[in-house]
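The structure under discussion appears below in the form of structure tokens.
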Amino acid sequence: MAIYPGSFDPPTKGHLDLIARGSRIFDELVVAILRNPEKTPLFSVEERKEMIELLTSGYKNVRVDTFEGLTVDYATRVRATAVLRGIRAISDYEYELQMALMNRKLQPSLETVFMMPAEHYSYVSSRLVREIAAMGGPVGALVPGLIEQRLRAKFGAAKRSKATAASSERGRKRNLQS
Ligand code: PNS
């Protein structure tokens, strides 16, 4: 059994491509979402879990979980023998190598397995997706339709609440002036 740990904020087509590949080589694959108290995510861990569950419901050997703390501790707890990670480009390699070797130091029996997503997803990252979606750009080629809708709902709601705040501020000023 392998775990595929990450932030998945939001899950992209690159992540799903890797899940598909991982599900074909491991008997069981657990997508493990890190609960990171140091970061303010765009989507809550619960939202991300639900989205990935919906997107992977077609795979019998894939499930989704969340974890806190060290990846190696979580892997040991769920008796995983491997950690799956994706490498898109050389730029990912240095960080991924460092993390894999550190995880090996912490837990020598746990193997890291790297897989390459389809090359047409090699430029896709959650960070860029967040940035493009926040500015109203098109993300349909980068994330599944479900995620595109959720992003639109999130940023549409953010825009609406900003507009509401601005209009109530204008109202407050008008009231002060009258
Ligand atoms: O999707 P990401 O943000 O690239 O995933 C990074 C993740 C979650 C795999 C990594 O930050 C991680 O394993 N965090 C858990 C804490 C931990 O084990 N840190 C030591 C790593 S050597």
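Start at 1 and go down the list; that is how both ligands and their atoms are numbered. Since the model is a prediction, treat every value here as computed from it, not as a measurement.
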Open item on the list: Closer than 4.0 angstrom, basic N to acidic O: yes or no for Glu28 and Arg63?
Closed with: yes

Open item on the list: With side-chain contact (heavy atoms from CB on, under 4.5 Å) as the criterion, how do Val64 and Ile52 come out once you've worked through the C-alpha distance, each side chain's angles and the decisive distance to 0.1 Å?
Closed with: CA-CA 7 Å; Val64 190; Ile52 302 173; 3.8 Å; yes

Open item on the list: Please work out, at 4.0 Å between heavy atoms, whether the side chain, the backbone, both, or neither of Gln98 comes within that distance of ligand 1.
Closed with: neither

Task: Tyr59 versus Ala20, closest heavy-atom pair with distance - done: OH-CB, 3.3 Å

Open item on the list: I need the nearest protein heavy-atom contact for atom 1 (O) of ligand 1: residue, atom name and distance, please.
Closed with: Ser7 N, 3.0 Å

Open item on the list: Any nitrogen or oxygen of Lys39 lying under 3.5 Å from a nitrogen or oxygen in ligand 1? Just yes or no.
Closed with: no

Open item on the list: Between Lys154 and Glu47 (salt bridge meaning N to carboxylate O under 4.0 Å), is one present in this structure?
Closed with: yes

Open item on the list: Walk me through whether Arg21 and Asp17 qualify under salt bridge (charged side-chain N to carboxylate O under 4.0 Å, His left out).
Closed with: CA-CA 6 Å; Arg21 289 170 201 281; Asp17 180 275; 2.6 Å; yes

- [ ] Could you tell me whether Leu70 approaches ligand 1 through its side chain, its backbone, both or neither, with non-hydrogen atoms closer than 4.0 Å?
- [x] both

TODO: Write out the residue and atom name of the closest protein heavy atom to atom 12 (C) of ligand 1, then the distance separating them to 0.1 Å.
DONE: Thr71 OG1, 3.5 Å

Task: atom 16 (C) of ligand 1 - nearest protein heavy atom and its distance - done: Gly69 O, 3.5 Å

Task: Lys/Arg N to Asp/Glu carboxylate O, Glu111 vs Arg104, below 4.0 Å - done: yes

Task: Cationic N near anionic O, under 4.0 Å, Asp73 to Arg77 - done: no

Task: Close side-chain approach of Met115 and Leu84, heavy atoms under 4.5 Å - done: yes

- [ ] Quick one: look up the protein heavy atom nearest atom 11 (O) of ligand 1 and list residue, atom name and how far away it is.
- [x] Tyr95 OH, 4.0 Å

Open item on the list: Side chain or backbone, does Glu96 bring an N or O within less than 3.5 Å of an N or O on ligand 1?
Closed with: no

TODO: Could you tell me whether some N/O pair between Asn103 and ligand 1 is separated by less than 3.5 angstrom?
DONE: no

Open item on the list: So, 4.0 Å and heavy atoms of Ser126: is ligand 1 close enough to count as a contact?
Closed with: no

Open item on the list: I'd like to check which ligand 1 atoms, numbered from 1 as shown, lie under 4.0 Å from a non-hydrogen atom of Met102.
Closed with: 22 (S)

TODO: Note the single closest protein heavy atom to atom 5 (O) of ligand 1, along with its residue, its atom name and the distance in Å.
DONE: Arg85 NH1, 3.3 Å

Open item on the list: Can you tell whether the side chains of Glu53 and Arg48 come within less than 4.0 Å, N to carboxylate O?
Closed with: no

Open item on the list: I need the nearest protein heavy-atom contact for atom 10 (C) of ligand 1: residue, atom name and distance, please.
Closed with: Met99 SD, 3.8 Å

Task: Closest protein heavy atom to atom 8 (C) of ligand 1, given as residue, atom name and distance to 0.1 Å - done: Leu34 CD2, 3.7 Å

